[in-house]
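Fair warning: this is a prediction, and the values are worked out from it, not measured in the lab. Read the numbers this way: they start at 1 and go in the same order the structure lists the ligands and their atoms.
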Amino acid sequence: MKKHILVVPGDGIGQEVTVVGKKALEKIAAKFGHDFTYDEALMGHVAIEATGDPLPAESLEKMRASDAILFGAVGHAKYDNDPHAKVRPEQGLLKMRKELGLFANLRPIKLFDELLGASSIKPEILKGADILFFRELTGDVYFGERGRLNEGKTAYDTMIYSKYEVERIARKAFDAAMTRGKKLMSVDKANVLESSRLWRETVLEVAQDYPEVELEHQFIDAAAMLLIKDPKRFDVVVTGNIFGDILTDEASQIAGSMGMLASASVGESTGVYEPIHGSGHDIAGKGVANPMASVLSAALLLGISFGLKAESEALINAIDGVLKAGWRTRDIADKTTPADKILGTDAIGKEILDRI
Ligand SMILES: NC(=O)c1ccc[n+]([C@@H]2O[C@H](COP(=O)([O-])OP(=O)(O)OC[C@H]3O[C@@H](n4cnc5c(N)ncnc54)[C@H](O)[C@@H]3O)[C@@H](O)[C@H]2O)c1
């Protein structure tokens, strides 16, 4: 298969882990006889430094010209602590989602058995949990009108959804539910928020087309509690942008670490595949970041954008092999991990590549 992949490492540990994700794709291409070509583009803090723009036109053009995008993370401490910064790395992220029409963010949450001990949740509650989140990505309070009143002493952000936005993500989630356990949980706050009432109404309408799927509604506060109490109760979950943002970070604890979770953002054109973690200021440059989420992002890229199931599984199996052999990065090590089994980014990357 001939495909063109754009690599966008971004900032901080994004740069470190994406190197491993790209090498994994190269190894897959060599092993399975594919012809993948690559290009690279700037985004985030590195792009602001180079051009003044967190998503320069040239990067966006390269994104549009590619078949899939392997993304790292954007963000820099200097903006996090400066609420007045006019240009920010995250603006690049939001613009990319809008420009590429990436309205659905898929986050599979599945725990490798070897990591049962690395989570802060009891193993017996966790074992067997397998959740697929659909987070809406281009609407909600992140994109509604915002501003300041009262000489800056009052601030507002508007939570806004249109019916078509809810409908298209609901359809993707129902479709996925049909290929899994035929169960879908829709999460909202319909007891309080008008936008959530439209959300629920619309999901109920879409449900008419999927009579086989058992649909359940939960309020966000209850869903957050249930996720920790009984994660096995969840199968496919669909929710809005901000609820999904929070809920999926919470769910990352099921997988033991942010460093183990990948996500796919898909919609109208090129799909973007990235770890769910950010640029990790606290560990950036130390060579200790876990690259597994980037390799798992590459696996999602192969499976979703290119339909290459065996290739995708080969990457997941390689990671499984590394974990079974006892190798860990710092974030997924526990009290029982011998010190000589804890590796840095490059060394564990090599263990993964050797097993592909
Ligand atoms: N999609 C994105 O690009 C994205 C997502 C989230 C946060 N951010 C940005 O990233 C920056 C840092 O944010 P944060 O600290 O809240 O979140 P973060 O995900 O970068 O880090 C949270 C914690 O998890 C650890 N961690 C994350 N990824 C890891 C990995 N691969 N291996 C080992 N440990 C890992 C970090 O060391 C940190 O302690 C901020 O500027 C934020 O805006 C970007």
Side-chain angles (χ1 to χ4, degrees), residues 7-21 24 41-49 54-55 59 69-83 85 87-97 100 102 105-107 115 118-120 135 137-138 142 241-242 244-253 255-265 272-298 300 319 322-323 327-334 337 342-349 352:
V7 181
V8 185
D11 304 317
I13 61 170
Q15 305 238 353
E16 299 166 43
V17 298
T18 312
V19 172
V20 182
L42 290 177
M43 196 172 140
H45 170 66
V46 288
I48 297 173
E49 293 281 288
L55 178 56
S59 296
I69 299 165
L70 183 70
F71 187 78
V74 294
H76 191 278
K78 93 179 209 198
Y79 309 93
D80 292 356
N81 302 325
D82 177 8
V87 182
R88 317 180 66 84
E90 295 76 12
Q91 291 164 345
L93 209 55
L94 299 185
K95 187 171 168 197
M96 174 180 77
R97 289 172 185 166
L100 298 181
L102 303 171
N105 184 234
L106 279 71
R107 298 193 181 187
L115 294 184
S119 172
S120 40
R135 167 187 167 197
L137 215 52
T138 55
Y142 296 161
N241 207 343
I242 190 165
D245 194 356
I246 300 164
L247 215 51
T248 50
D249 263 24
E250 184 190 345
S252 74
Q253 284 314 296
S257 166
M258 304 278 278
M260 294 302 300
L261 290 179
S263 80
S265 300
V272 176
Y273 299 85
E274 59 178 309
I276 79 159
H277 63 73
S279 52
H281 312 319
D282 53 341
I283 55 169
K286 296 188 178 151
V288 297
N290 183 349
M292 292 185 189
S294 183
V295 176
L296 291 169
S297 302
L300 284 178
I319 289 180
V322 170
L323 295 172
W327 298 113
R328 299 286 185 270
T329 40
R330 218 168 58 173
D331 56 305
I332 50 170
D334 61 23
T337 313
I342 301 177
L343 301 179
T345 312
D346 294 345
I348 206 146
I352 299 169

Atom indices of ligand 1, in the order listed, that fall short of 4.0 Å to a heavy atom of [X]:
X      : value
His281 : 11 (C), 12 (C), 40 (C), 41 (O)
Gly75  : 41 (O)
Gly259 : 30 (C), 31 (N)
Ile283 : 33 (C), 34 (N), 35 (C), 37 (O)
Leu93  : 1 (N), 2 (C), 3 (O)
Ala73  : 3 (O)
Glu90  : 41 (O), 42 (C), 43 (O)

Which segment of [X] sits under 4.0 Å of ligand 1 when only heavy atoms are counted:
X      : answer
Asp331 : side chain
Ile13  : side chain
Val288 : neither

Looking at Asp346, I want to see if its CG is surrounded by more than 12 non-hydrogen atoms of other residues, nucleotides or ligands under 6.0 Å. no
Between CE on residue Met258 and CD1 on residue Ile13, distance to nearest 0.5 Å: 8.5 Å
Using heavy atoms and a 4.0 Å limit, tell me yes or no: is [X] in contact with ligand 1?
X      : value
Glu274 : yes
Met292 : no
Ser279 : yes

Ignoring angles and geometry beyond distance, decide whether Met258 reaches within less than 3.5 Å of ligand 1 through its nitrogen or oxygen atoms. no
Check whether any N or O atom of Gly280, backbone or side chain, sits under 3.5 Å from an N or O atom of ligand 1, and answer yes or no. yes
Checking contacts now, so for [atom], which I'm interested in, is there any protein heavy atom under 4.0 Å?
atom                    : result
atom 30 (C) of ligand 1 : yes
atom 13 (O) of ligand 1 : no
atom 23 (C) of ligand 1 : no

Taking the side chain as everything from C-beta on, heavy atoms only, tell me whether Asp245 gets closer than 4.5 Å to Arg135. yes
So, do Glu274 and Ser265 sit near enough that their side-chain heavy atoms are less than 4.5 Å apart? yes
Of Lys286, His277, Arg88, the residue with the heavy atom nearest atom 28 (N) of ligand 1 is His277
On the 0 to 90° scale, with breaks at 30° and 60°, tag the His45-Tyr79 ring pair as parallel, tilted or perpendicular. perpendicular
